[in-house]
Amino acid sequence: MENILKSQYPSRSVLFNIEPLGLGTPYVESLSSYISRLARYHCLSTGTLFSKLIAIYLNKYYITEIAGRGGDGFYDSSNGVNGIGSLAIDFVEVIEFLTSRNNISKLTFLPWSSILPTRGLMETKKKWCPFCYEDSLANQSEVYDPLIWSLKESKYCLKHKVTLVSTCNRCYRKINFLSRDSNPGFCHSCKSWLGSHTETFYNEIEPLDMKIGNSERIGEMLEISSGVRPINIRRSQVGEALNFYLNSCFKGDLKAFAHVLETPITTFRYWQKGINLPPLRGLLKICLNLDIGLLDFIEMKHIEIHSYENKVFSQTYTKEIKKYDHDKVKAILMEEITNPKGTSLSQLAKVIGCDRKLLYIKFPNESKQIVDNNKSNLMYRKIERRVTSEEKLLKAIKNLLDKDLYPSRRRVEHELDGEILLKESHFRAIWNQMIKNL
């Protein structure tokens, strides 16, 4: 980072010193959401704020090049802004400098970076709870994206106990954490409102206890790291904690502990010796089995051995068999067959809490029908999008010609607000043909 960031902060901040939302709660705001709100407070698009100010202070060659060209390379990987890597560190430094705040790191997972590996930690695209958005609107409170939604292991809304949504209900697209027109609560592609009073997925199926427990423990983590109390965790504490619970709860039986975690013994040994760090999923599974929070695990909170043995240790070598209500599952599949929008079989299996292959084995006809319906729906939406996009492209070219402006690639894409990019071969061919006919 340039010397300008190392110098003293200016007496007045460059950007408004707005307060991050949800500090000290499980629903602390994410840094990507904070950046989008900063843009809105300055009556700018997120893309303008990024390209004209943030990218300059970042002083990263590849980012300034992307900002100058107007490409989507950075936005497609903007999930790292909320994570624990170098991108999060750089953005925290710049946003703290521009706002004169000193707590921006609390909007990321950086406080936990010493014990979390980056692989598989963050979602690549946004997820959200439509009910939370709708509640914010009804209560006239500011709409924002909590940090907890950006983790792969957080799949349920703790407030409304529903599955988080990851696709716009109108244009069926995935949404980047940051984009040129990112705005919490709205799709950056079709600009539609993402809140809803109606349930998007099947709530008659109770989410698995493990997945709810994971979301609760992640919430506890964020409540701690975004609060007043600073946390200082060493990497070696994970291995020390594993050894502590191995001896106190499993009587030193490494095979038993590894079996409960459904982890190969070799992998567990690497964790125990501190050679590798367990992924967040592994840490959460440990805490769920021990019935403690992640910080309690790191600090080696004492557990009553007898109560723990009754709950888990006595079942160590008894493989749990998941039981499903086949009539209930079949009813859901039959309902899905008549669903005009269509959900993929994989998504349906996640909601039910079973493997996709199990549905194919137990309900082959229904599963095949759902897969066929989903393929047809996807193809229909693809054709519908292409037709709509072609109309918008032709209209954009006509608008530029009416203004006596040459419809260059950059001007056309700007006219379309980046909604259609001419790097797509189909739309580039239409544009080329129109240019030839001028």
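What you see is a predicted model, and the numbers here were worked out from it, not measured in a lab.
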Between Glu153 and Arg281, does at least one N-O distance fall below 4.0 Å, as a salt bridge requires? yes

[Y] and [X] aromatic ring geometry - parallel, tilted or perpendicular at 30°/60° bounds:
X	Y	result
Phe97	Tyr57	tilted
Phe268	Phe257	tilted
Trp193	Tyr133	tilted

Could you list the donor-acceptor pairs under 3.5 angstrom formed between side-chain atoms of residues 394-405 and any protein atom two or more places apart in sequence or on another chain?
{"residue": "Lys398", "atom": "NZ", "partner": "Asp402", "partner atom": "OD2", "Å": "3.1"}
{"residue": "Asn399", "atom": "ND2", "partner": "Lys395", "partner atom": "O", "Å": "3.4"}

Regarding [X] and [Y], is there a side-chain donor-to-acceptor distance under 3.5 Å anywhere?
X	Y	result
Ser182	Ser36	yes
Ser150	Lys126	no
Lys125	Asn176	yes
Asn82	Ser32	yes
Asn365	Gln369	no
Trp112	Ser225	yes

Between atom OG of Ser136 and atom OH of Tyr144, what is the distance when rounded to the nearest 0.5 Å? 7.0 Å

Hits for salt bridge (Lys or Arg N to Asp or Glu O under 4.0 Å) against Glu123, two or more places apart or cross-chain, chain-then-number order -> Lys127

